[in-house]
Amino acid sequence: MRPREIIPNIYEVGAIDWDRRLFDSLIPLPDGTSYNSYLIKGSEKTVLVDTVDPTMQDTLLNNLKRLQIENIDYVIAHHGEQDHSGTIPQILERYPEAKVIASPKCKDMLVDLLNIKPEQFITVDDKETISLGNKTLEFIHTPWVHWPETMVTYLREDNILFSCDFFGSHIATTDKYVTDEGQVYEASKRYFAEIMMPFRNIIKKNLEKLKDYKINIIAPSHGPMYDKPEFIINAYNSWVLGEPRNTVVLPYISMHGSTQKMVEYLVGVLAQKGVTVKQFDLTVTDIGKLAEALVDAATIVIGTPTILAGPHPVVAYAAILANALRPTTKFISIVGSYGWGGKAVETLAALIHNLKIEILDPVLCNGLPKQADFEAQDALATAIAQKHKENGYTR
Ligand code: FEO
C-alpha cells in the first residue's frame, strides 16, 4: 500500500498483509491484517509511529522513500511485539540519527528482542511530552494492552490517538476509516477476546485514563482507523464492564456420535428455554470465533467423549485456552460419554482452575445416551436457565 495522507503532514505508511492466516502461530486471521505505521512531520522534528512486521519491511521503507523522507528524528515504539517493532533495526540503519522513544520496560524488551543498543533510546514516563515544533506528543502508559510495556501516543494539536494494539482489529482493507461497522465490531471483539480479555480489569483502568482526552481520530496499528472513536470506545466499555449475556458456549468433540447426541439434545432444550447457545465442533471450529463467543457468555458447557481415561485432548486444549483467556463466565458444566469409566470431569475441572466459576452437575452417558441421561440434561438446562434468570443475565 502506498502512503495515505490522514491530515496534512500526517501519513499512514504501513503495510496490508492480505494473505496472513495465523498470528503468533496460534491466532487465526480469516481476514488478514495490517501493520499500520504513521509518519508525523512537525515543523522541527519528524516522527515515525511504530513500524511493521519484518516480513513487510520493504513496503514501509519504500513508502518513506516515496514521501522523500530524508530524516527521521524519532521512532515511537508503543509495544515490543515484532509486528510493530520488528522493522526498527532497518529504520535505524537507514536513519542512523533517529532515537527510539519507548517506555522503560519496552526499551529493555527491544534491547533483548532486537539487539537495539541502549544508547539509541529515549525513555518516556507516563504523560511525558515531546515537542515536534508545532505539534506536541503526549505519551500515555497503558500497561497490559496486551504486554506489560504498552503505551499510546496522543497528538494534542490534532486530537489523534495513536493506540497500537489497543482498539485494533485484524482486517486487511484499503479503507482508511471504518466503513462497515458490523465487520469491524466483530473483528475487534475477536481481537479483544484473543489477546486483551485476560487483562480486562487493567484495560478498564486504561479506558478510564483516556476518558478526559478529546479524541477525533483513533489510529490503531491493525485495521482501519476510527473517525468516530465513540464506536470502538463504547464497544470496549461494553466488553470490559458489561454483565454476561444469557448465552451458553458449547465447545465439543464427538468420536462415535454419543456426545453429539448429548450436545444436540441439550442445545434443543436450552433454546426452548430461551437461552442462546453457540455450539462449536472443535474438529472444524475457528478458535478465534470460540474466543469471541466467550467474551460475554454466562455459561460454558464442554462436550467430550472419554478417551484414554480423560477428556478428548482437543477438548483439553479448548479448556486450557478458556482458562488462559479468563472470561467472566459464571457457570460451567460438562456433558459427554464414556465406555468403561475414566476421569474426564476431574481432569477438565483441574484445567480451568483460573476461572472463578460454579460447576453445575455434569451429565455423562455410558455408550449411547438413554432416557435417564436426557432427563439429567433436562435438569441441567433448567438449572442453567434458572441461574441466568436469578443473576439477571437476560440480555
Ligand atoms: Fe500487534 Fe501485540 O502486537
Side-chain angles (χ1 to χ4, degrees), residues 244-285 290 293-294 297-323 327-394:
R245 288 179 176 271
N246 181 24
T247 299
V248 170
V249 169
L250 205 163
Y252 77 101
I253 287 276
S254 188
M255 290 160 61
H256 297 289
S258 293
T259 300
Q260 180 82 37
K261 285 190 169 62
M262 293 284 278
V263 165
E264 280 170 7
Y265 185 85
L266 183 63
V267 170
V269 181
L270 284 166
Q272 262 179 350
K273 291 180 182 297
V275 177
T276 300
V277 187
K278 296 183 178 174
Q279 177 183 327
F280 297 94
D281 176 348
L282 293 169
T283 60
V284 293
T285 203
L290 173 60
L294 289 173
T299 299
I300 302 171
V301 175
I302 297 174
T304 184
T306 303
I307 176 170
L308 302 172
H312 193 287
V314 175
V315 171
Y317 165 67
I320 290 170
L321 191 66
N323 187 58
T328 54
T329 311
K330 304 297 180 193
F331 311 103
I332 192 161
S333 191
I334 298 161
V335 298
S337 58
Y338 63 96
W340 53 89
K343 295 194 169 181
V345 170
E346 293 89 328
T347 307
L348 282 174
L351 292 175
I352 52 164
H353 54 86
N354 278 343
L355 308 183
K356 293 188 188 91
I357 203 161
E358 181 181 341
I359 300 181
L360 306 177
D361 285 345
V363 186
L364 266 71
C365 63
N366 186 353
L368 283 171
K370 320 284 186 309
Q371 186 56 30
D373 303 310
F374 293 130
E375 285 169 11
Q377 289 207 106
D378 287 335
L380 174 60
T382 301
I384 291 171
Q386 188 63 29
K387 293 276 183 192
H388 288 193
K389 204 170 161 192
E390 281 167 14
N391 286 280
Y393 305 149
T394 50

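All figures in this text were calculated on a predicted structure; none of them were measured in a lab. For reference, positions follow the sequence shown, starting with 1.
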Check: residues 348-372 side-chain donor-acceptor pairs under 3.5 Å, at least two apart:
residue	atom	partner	partner atom	Å
Asn354	ND2	Asn323	O	3.2
Glu358	OE2	Lys387	NZ	2.9
Lys370	NZ	Asn366	O	2.8
Lys370	NZ	Leu368	O	2.7
Gln371	NE2	Glu375	OE2	3.2

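Scanning all heavy atoms of the two residues, the minimum distance from Ile253 to Pro305 falls at O-CD, 3.1 Å. Closest non-hydrogen pair, Pro311 versus Ala316, comes out as CG-CB, 4.5 Å. A pairwise comparison of heavy atoms in Val249 and Ala293 identifies CG2-O, 3.5 Å as the closest pair. When all heavy atoms of Ala298 and Pro244 are compared, the closest pair comes out as CA-CB, 3.7 Å. In terms of heavy atoms, Thr259 sits closest to Ser337 at OG1-OG, 3.0 Å.
Side-chain atoms of Thr304 come within 3.5 Å of backbone atoms of His312 as a donor-acceptor pair (strictly under, hydrogens ignored).
When each of Thr247, Val263, Leu250 is checked for a side chain to side chain contact (heavy atoms under 4.5 Å, CB included) with Val277, only Leu250 meets the rule. The side chain to side chain contact (heavy atoms under 4.5 Å, CB included) test with Ile332 singles out one residue from Thr299, Val301, Ile302, and that residue is Ile302.
Atoms CG and CG, on Leu380 and Asp373 in that order, are 12.0 Å from each other to the nearest 0.5 Å. Atom CD1 of Ile300 sits about 11.0 Å away from atom CD1 of Ile384, to the nearest 0.5 Å.
Below 30°, between 30° and 60°, or above 60°: for Tyr393 and His388 the angle between ring planes is above 60°, a perpendicular geometry.
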- Query: Please walk me through it: do Met255 and Ile307 pass side chain to side chain contact (heavy atoms under 4.5 Å, CB included)?
  - Reply: CA-CA 9 Å; Met255 290 160 61; Ile307 176 170; 3.8 Å; yes
- Kindly determine whether Gln260 and Tyr252 satisfy side chain to side chain contact (heavy atoms under 4.5 Å, CB included), including the steps that lead there. CA-CA 8 Å; Gln260 180 82 37; Tyr252 77 101; 3.2 Å; yes
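For residues 376-385, the pairs satisfying side chain to side chain donor-acceptor pair (under 3.5 Å) are Tyr265-Asp378, Lys273-Thr382, with sequence neighbours left out.
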